[in-house]
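Index from 1, following the sequence. Everything quoted here is computed from the prediction, not taken from an experiment.
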Amino acid sequence: MTGAADAGGAGLDADDVVVVGSPGLTVERADQLHVDPGHLWVGASKDDFVSNWTSGLSLSADPKDPAFGAQRMYVDTAGHSGYWDDGSQSLDNQGRVIAGLKPRPGPPG
């Protein structure tokens, strides 16, 4: 569990953290983790059952809720398993964060 690992002890010693499809990170706010909330990227597909219907029920606050304080990252995939689909903007955005770049925004809408 990424949230529990980053919240405890000395954290993950990461510059940026990406979570996709997460129902919670075991904390109530992004600033309770060992990463700057401006470098915590959260993505969730519109039809991800895990992220959209179980968030806030067992692993603390919903990380995609603006009140949580993380940065939203656009994903263009479906369901809970599509975040790593070849050719997806979701995968591209995760790679951009790993490379030290900001994720690309989604289409206007």
Side-chain angles (χ1 to χ4, degrees):
M1 163 63 60
T2 303
D6 193 50
L12 296 174
D13 197 25
D15 295 326
D16 288 85
V17 173
V18 174
V19 293
V20 290
S22 176
L25 296 173
T26 72
V27 295
E28 294 298 322
R29 298 181 324 273
D31 63 7
Q32 293 173 314
L33 297 169
H34 288 91
V35 65
D36 179 335
H39 293 270
L40 174 61
W41 301 95
V42 176
S45 68
K46 293 178 184 177
D47 65 348
D48 182 338
F49 180 81
V50 173
S51 176
N52 293 315
W53 289 278
T54 65
S55 288
L57 297 178
S58 65
L59 295 173
S60 294
D62 182 350
K64 68 185 175 309
D65 185 327
F68 186 78
Q71 305 305 304
R72 284 303 302 264
M73 181 183 78
Y74 177 74
V75 298
D76 60 343
T77 53
H80 189 65
S81 301
Y83 299 109
W84 303 277
D85 287 351
D86 286 342
S88 69
Q89 190 168 346
S90 171
L91 186 60
D92 180 67
N93 276 341
Q94 291 176 70
R96 289 181 61 80
V97 172
I98 291 167
L101 304 170
K102 288 190 175 191
R104 289 189 174 106

*Of all heavy-atom pairs between Val75 and Ser90, which one has the smallest distance, and what is that distance?*
CG1-OG, 3.6 Å

*Indicate the atoms forming the closest heavy-atom contact of Ala70 with Ala30, along with that distance.*
N-CB, 3.9 Å

*Can you tell me how far the CH2 atom of Trp41 sits from the NZ atom of Lys102, to the nearest 0.5 Å?*
5.5 Å

*Inspect the surroundings of CG in Asp15 and state if more than 12 heavy atoms from other residues, nucleotides or ligands are less than 6.0 Å away.*
no

*Looking only at heavy atoms, what is the nearest atom pair of Thr77 and Gly82, with distance?*
CG2-O, 2.9 Å

*Nearest atoms (heavy-atom pairs only) where Ser22 meets Pro63*: O-CG, 3.6 Å

*Taking all non-hydrogen atoms of both residues into account, name the closest pair between Val27 and Gln32 and its distance.*
CB-OE1, 3.5 Å

*Close side-chain approach of Leu40 to Leu25, heavy-atom, < 4.5 Å*: yes

_Minimum-distance pair of heavy atoms, taken over all atoms of Glu28 and Phe68_ = O-CD1, 3.4 Å

*Give a yes or no answer on whether the side chain of Asp76 reaches the backbone of Gln89 with a donor-acceptor pair at less than 3.5 Å.*
yes

*Under 3.5 Å donor-acceptor, Ser45 side chain and Gly79 backbone*: yes

*Quick one: sort the Tyr83 and His80 rings into parallel, tilted or perpendicular, breaks at 30° and 60°.*
perpendicular

*First locate atom CG of Leu91, then atom CZ of Arg96, and finally report the distance between them rounded to the nearest 0.5 Å.*
12.5 Å

*Any side-chain heavy-atom pair of His39 and Val17 under 4.5 Å*: no

_Shared hydrophobic cluster, Trp84 / Val18 (ILVMFWY, side-chain heavy atoms < 4.5 Å)_ = yes

*Roughly how far apart are Asp92 CG and Asp86 CG, rounded to 0.5 Å?*
12.0 Å

_Please determine whether residues Val20 and Tyr74 belong to a single hydrophobic cluster, defined as Ile, Leu, Val, Met, Phe, Trp and Tyr linked transitively by side-chain heavy-atom distances below 4.5 Å._
no

*Distance, nearest 0.5 Å, that separates CG of Leu101 from CG of Asp16*: 10.0 Å

*Say whether, by atom type as modelled, one donor and one acceptor occur between the side chain of Lys64 and the main chain of Ser51 under 3.5 angstrom.*
yes

*Counting distance only, does the side-chain N/O of Asn52 pair as donor-acceptor with the main-chain N or O of Lys46 below 3.5 Å?*
yes

